[in-house]
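See structure below.
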Amino acid sequence: MHIPENYLSPSTCAVLGAAMVPVWKRASANVKREFSKKKMPLLGVGAAFSFLIMMFNLPLPGGTTGHAVGAALISILLGPYAASISVTIALAVQALFFGDGGILALGANAFNLAFIMPFTAHYIYKIMMGRGGNRRNYIAAFLAGYVSLNAAALFTAVELGIQPVLFKDASGMPLYNPYGLSISVPAMMIPHLLVAGVVEGIVTAGVYGYIRKVSGEGLNEGRGLKIRPLYVALIVMIILSPLGLLASGTAWGEWGADEIKSIVGFVPQGMEKGFNFKSSLPDYTVPGFSEHMGYILSGIIGVLIIVFLFMAISAALFIKREVKITDK
Amino acid sequence: MIEIRNISFSYKDAPALKDINLYIAKGESIALIGPNGSGKSTLLKIINGILFPQRGEYFFDGTSITAKRLEDNAFSKKFHKRIGFVFQSSDSQLFNPTVYDEIAFAPRQMGLSEGEIERRVSDLLKLLQIEELRCRVPYHLSGGEKRKVAVASVLAHNPDVLVLDEPMNGLDPKTKRFLRDLLIKLNSHGKTIICSTHDFEYVDGVFKRAVVFSKEHTIIRDDEYGRIISDDEFLYENNIK
Amino acid sequence: MDWLFREDRYEPGSDSLKFIDKSLMSILKILSKIDRLGGQRRGILYGVTPPLKLISTILTVVCVSTSRDATFLLSAGLFVLINLIMLEKSDRKRVLALGITASSFSAVMLIPSMATGNIINSLIIVYKVLLTVSMANILSVSTGWFDVSASLKLLLIPDIFILVLEITLKYIYLLGEISLNMLTALKIRSIGKNNNKYSSISALMGNLFLKSKEMGEELYSAMECRGFTGEYKRVLAFNISRIDAVYAIIVLALTAAYF
Ligand SMILES: Nc1ncnc2c1ncn2[C@@H]1O[C@H](COP(=O)(O)OP(=O)(O)O)[C@@H](O)[C@H]1O
Ligand SMILES: [Mg+2]
């Protein structure tokens with residue numbers, strides 16, 4: 001999820017960093033207002049918390065382990081603005097002091113993890129949350145984690161995937177990340193949709209549930225944000241940011257029809273090159289449709305099935321736990 | 001049961017234990033005494049297989065306890081089952097949503113039936129006189145209540161050896177007396193008790209033996225508890241009293 | 001009560017505790033890196049004034065990332081090499097280990113691309129990853145962290161953010177130690193089969209959050225008691241020595257090679 005240094009062109013980093021400036025400005029103004037200036041130090045503790053969350057490993061099927069990113073959780077706990085700042089600081093600490101590299105890529109990583117992820121999580125949670133109904137809130141928290149991580153992953157994949165289209169050397173070889181959208185999107189999205197998102201969702205809902213149980217306070221619940229303007233801003237950002245990237249790229253002209261098709265339609269050509277993940281997926285076409293439409297459609301259906309499946313599983317898990325606890 | 005041979009331990013550059021030798025037999029009840037920073041907590045962590053000495057060896061029931069040995073999952077679990085540790089700070093030890101779940105954590109892992117678990121938890125709640133805390137959240141309990149829950153949660157897996165790190169710290173006199181009586185009772189039923197302390201007022205009758213650490217991280221005396229505790233000059237000299 | 005006074009025979013079932021061990025390892029790694037905050041070390045590079053080192057590091061990272069010029073990239077490599085030689089042995093090992101890990105990871109990621117003919121550009125990425133990760137780590141091991149954060153003033157970062165950043169560093173250590181204790185407690189009580197590992201870890205994280213909140217509020221009250229009103233002035237004091245001049249000249253020469 002964390003984009004390492006040198007995988008994005010410096011201009012992409014600059015554009016994403018520039019896009020973060022208004023976000024940071026707004027976030028700090030907002031935090032100052034809501035937290036009061038005097039309480040700003042609390043954010044440091046929040047940032048330390050978001051840094052440490054990533055150190056907790058969870059078992060995954062197949063005997064391996066993985067960890068959550070935590071931005072959705074912090075967004076629910078502290079509000080999206082405080083989360084945005086906390087996660088940014090955690091990323092800066094990682095780049096500057098823990099030497100993960102990523103000094104130049106900080107803007108891009110912040111864009112995905114300190115903007116897209118906490119705000120997506122916030123809106124999903126707000127929209128899904130019911131009044132007081134516990135189970136619905138767990139599901140809201142689960143979905144906030146699941147969807148926001150996948151949104152961040154999708155942005156990451158797109159940022160990586162447009163690199164070979166935009167930045168080539170004289171002989172046409174890619175300068176930065178060499179894998180186009182047809183590879184980067186599935187390579188990022190398949191594991192995130194199937195595994196990492198679920199982990200994020202369960203952790204978000206689990207910690208949320210624990211904290212709710214232990215103390216009703218500590219949750220940034222009542223503090224509603226006006227959804228509309230930010231909603232619009234978010235959508236505009238989503239549309240504009242790839243365009244901004246294109247504009248900043250060296251060559252509009254090199255942006256051939258094929259590439260556009262591959263961005264818009266996720267054309268599965270070139271898949272046989274690079275990773276051969278096609279083999280791991282059974283027949284992808286729904287009869288009666290053109291190949292592309294079928295691909296998109298089966299993708300959407302797949303995602304929906306997965307979402308509902310995990311909603312059901314998470315609901316079942318939490319009901320079980322609740323019974324265990326309350327009937328003592 | 002516990003045998004420590006020439007153990008030395010340092011954190012980075014700071015030495016914490018130097019050349020420690022100690023043998024503790026089954027059923028003993030022993031106090032580790034010494035000024036702050038003399039290495040008591042470090043030794044207790046080594047005994048619990050949390051830290052491993054850079055030099056020397058530690059045997060538990062004849063088996064050498066090393067990082068490598070504890071990588072063996074089954075062995076590690078059996079070892080931790082037999083020795084229970086009450087941390088200096090109960091905060092870090094309690095992580096379940098209710099006191100009931102906290103105490104039931106280990107028995108559930110052992111695969112006991114829900115009936116058996118219920119029995120164990122109820123017994124322990126009664127033993128520690130915290131029945132009214134059953135459904136409370138550990139996070140919000142007072143210091144003394146937390147300590148009692150921590151002790152109960154460790155006793156729940158019925159360890160043979162009970163290790164406590166300054167258990168009397170921060171407790172009120174009544175709770176201290178209660179804990180003292182509990183330790184005496186557990187010891188009289190055959191549990192081995194190892195306990196670090198620098199509080200002598202409320203522990204009379206608990207320990208038969210004491211080991212004294214110096215601020216240079218060595219053992220300077222290993223004697224009958226009563227004899228050490230009445231040697232005022234010695235205690236004063238070594239910053240214990 | 002009889003069960004408590006009887007020794008029981010117990011054979012644990014099999015159940016992996018890898019997630020606890022892995023978590024313990026990652027937190028230990030973090031803590032071991034932070035421990036440097038205290039110790040002062042000897043060596044020329046350690047004496048270079050922090051603001052200069054910070055600016056130089058950022059400058060060279062940007063140059064390396066944007067350059068395609070073989071001469072410059074090789075000079076930058078030489079620069080990193082010289083820096084490495086100036087480090088103490090244990091620091092050097094650490095920086096090298098991190099750089100090599102990151103670049104090997106890159107190399108593996110790029111194998112499919114190299115197989116389709118994109119060899120030179122892939123190797124350049126691997127090389128640049130090695131350089132940039134090494135430079136960031138050289139800065140981190142050779143400079144007091146609070147000196148680095150104070151130097152951020154020069155990048156027009158507001159003082160209040162520097163304060164927040166410094167609190168973050170301190171609390172990563174404090175909360176890290178708490179996490180370590182909690183995970184250890186979980187580990188030594190994990191004596192059988194844990195059927196709900198996710199809820200155990202979630203509870204640890206939840207406790208960590210509550211603890212953070214409590215500590216943060218305490219910190220805030222303590223600061224308020226000592227007169228904190230939301231204004232903060234981070235003082236950046238440094239003096240320039242001959243070593244700094246030499247270091248600056250080298251960095252300038254390197255930047256000149258870029259153009
Ligand atoms: N995590 C740690 N890192 C570095 N030094 C430590 C750590 N824990 C303890 N020490 C040091 O080791 C020595 C022994 O500490 P400890 O075993 O806690 O003593 P006691 O429990 O007798 O007070 C002290 O000098 C202490 O500063
Ligand atoms: Mg101690």
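Predicted model only: the values in this text are computed from it and were never measured. Chain identifiers are assigned alphabetically (A, B, ...) following the order of the sequence lines, protein sequences preceding nucleic acid strands; residue numbering begins at 1 within each chain.
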Checklist line | Reported CZ-to-NZ distance for the pair Phe98(A) and Lys29(C), which is rounded to 0.5 angstrom | finding: 12.0 Å

Notebook entry, point to check: chain C: which of Ser86(A), Ser9(A), Ala48(A), Ser28(A) shares the most heavy-atom pairs with it under 4.5 Å?
Noted result: Ala48(A)

Item checked: Toward chain A, the part of Ile111(C) with a non-hydrogen atom under 4.5 Å -> backbone

Check: Is there side-chain contact between Leu175(A) and Arg68(C), with heavy atoms separated by less than 4.5 Å?
Finding: yes

Check: Pairs in or reaching into residues 151-167 of chain C: which pass salt bridge (Lys or Arg N to Asp or Glu O under 4.0 Å), with residues at least two apart or in two chains?
Finding: Lys153(C)-Asp159(C), Asp159(C)-Lys233(C), Glu166(C)-Arg234(C)

Margin query: Please classify the contact of Pro59(A) with chain C as side chain, backbone, both or neither, using a heavy-atom distance under 4.5 Å.
Written below: both

Next item on the list: Pick one of side chain, backbone, both or neither for Pro174(A), based on which atoms fall under 4.5 Å of a heavy atom in chain C.
Entry: both

Notebook entry, point to check: Can you name the closest pair of heavy atoms from Thr65(A) and Phe19(C) and give their distance?
Noted result: CG2-CA, 3.9 Å

Next item on the list: Can you tell which part of Ala203(C) gets under 4.5 Å to a heavy atom of chain A, answering side chain, backbone, both or neither?
Entry: both

Please table the atom pairs, donor to acceptor, closer than 3.5 Å between any side-chain atom in residues 198-206 of chain A and protein atoms at least two apart or in another chain.
{"unit_1": "Glu200(A)", "atom_1": "OE1", "unit_2": "Val69(A)", "atom_2": "N", "d": "2.7"}
{"unit_1": "Glu200(A)", "atom_1": "OE2", "unit_2": "Val69(A)", "atom_2": "N", "d": "3.3"}
{"unit_1": "Glu200(A)", "atom_1": "OE2", "unit_2": "Gly70(A)", "atom_2": "N", "d": "2.7"}
{"unit_1": "Thr204(A)", "atom_1": "OG1", "unit_2": "Glu200(A)", "atom_2": "O", "d": "2.6"}

Check: Do you know the tightest heavy-atom contact between Ser113(C) and Tyr179(A)?
Finding: N-OH, 3.2 Å

Notebook entry, point to check: Which bit of Leu52(A) is near chain C, if near means a heavy-atom gap under 4.5 Å: side chain, backbone, both or neither?
Noted result: side chain

Margin query: With a 4.5 angstrom heavy-atom cut-off, is it the side chain or the backbone of Leu219(C) that approaches chain A, or both, or neither?
Written below: side chain

Check: Under a 4.5 Å heavy-atom cut-off, does chain A meet the side chain of Met135(C), its backbone, both or neither?
Finding: neither

Note to self: So for Ser106(C), is it side chain, backbone, both, or neither that comes closer than 4.5 Å to the heavy atoms of chain A?
What the structure shows: both

Item checked: Nearest atoms (heavy-atom pairs only) where Asn57(A) meets Ile201(C) -> O-CD1, 3.8 Å

Item checked: Side chain proximity check, Phe161(C) to Ile85(A), heavy atoms < 4.5 angstrom -> yes

Next item on the list: State, to 0.1 Å, how close Ile30(C) and Met55(A) come at their nearest heavy-atom pair, and which atoms those are.
Entry: CG1-SD, 3.7 Å

Margin query: Looking at Leu154(C), I'd like to know if its CG atom is crowded, meaning that more than 12 non-hydrogen atoms belonging to other residues, nucleotides or ligands lie closer than 6.0 Å.
Written below: yes

Checklist line | Heavy-atom closest contact (Asn6(A) atom, Ser65(C) atom, distance) | finding: OD1-OG, 3.5 Å

Check: Closest heavy-atom contact between Tyr210(A) and Gly206(C)?
Finding: CD2-CA, 3.8 Å

Notebook entry, point to check: With side chains defined as the heavy atoms from C-beta onward, is the minimum distance between Leu54(C) and Leu96(A) less than 4.5 Å?
Noted result: yes

Notebook entry, point to check: Does the side chain of Leu77(A) come within less than 4.5 Å of Lys213(C)'s, by heavy atoms?
Noted result: no

Next item on the list: Could you look at Asp21(C) and say if it's the side chain, the backbone, both or neither that has a heavy atom under 4.5 Å from chain A?
Entry: neither

Check: Which bit of Phe51(A) comes within less than 4.5 Å of chain C, counting heavy atoms only: side chain, backbone, both or neither?
Finding: side chain

Item checked: Heavy-atom proximity to chain C below 4.5 Å, by part of Ile74(A) -> neither

Check: What orientation do Phe97(A) and Trp145(C) show, parallel under 30°, tilted 30 to 60°, or perpendicular over 60°?
Finding: tilted

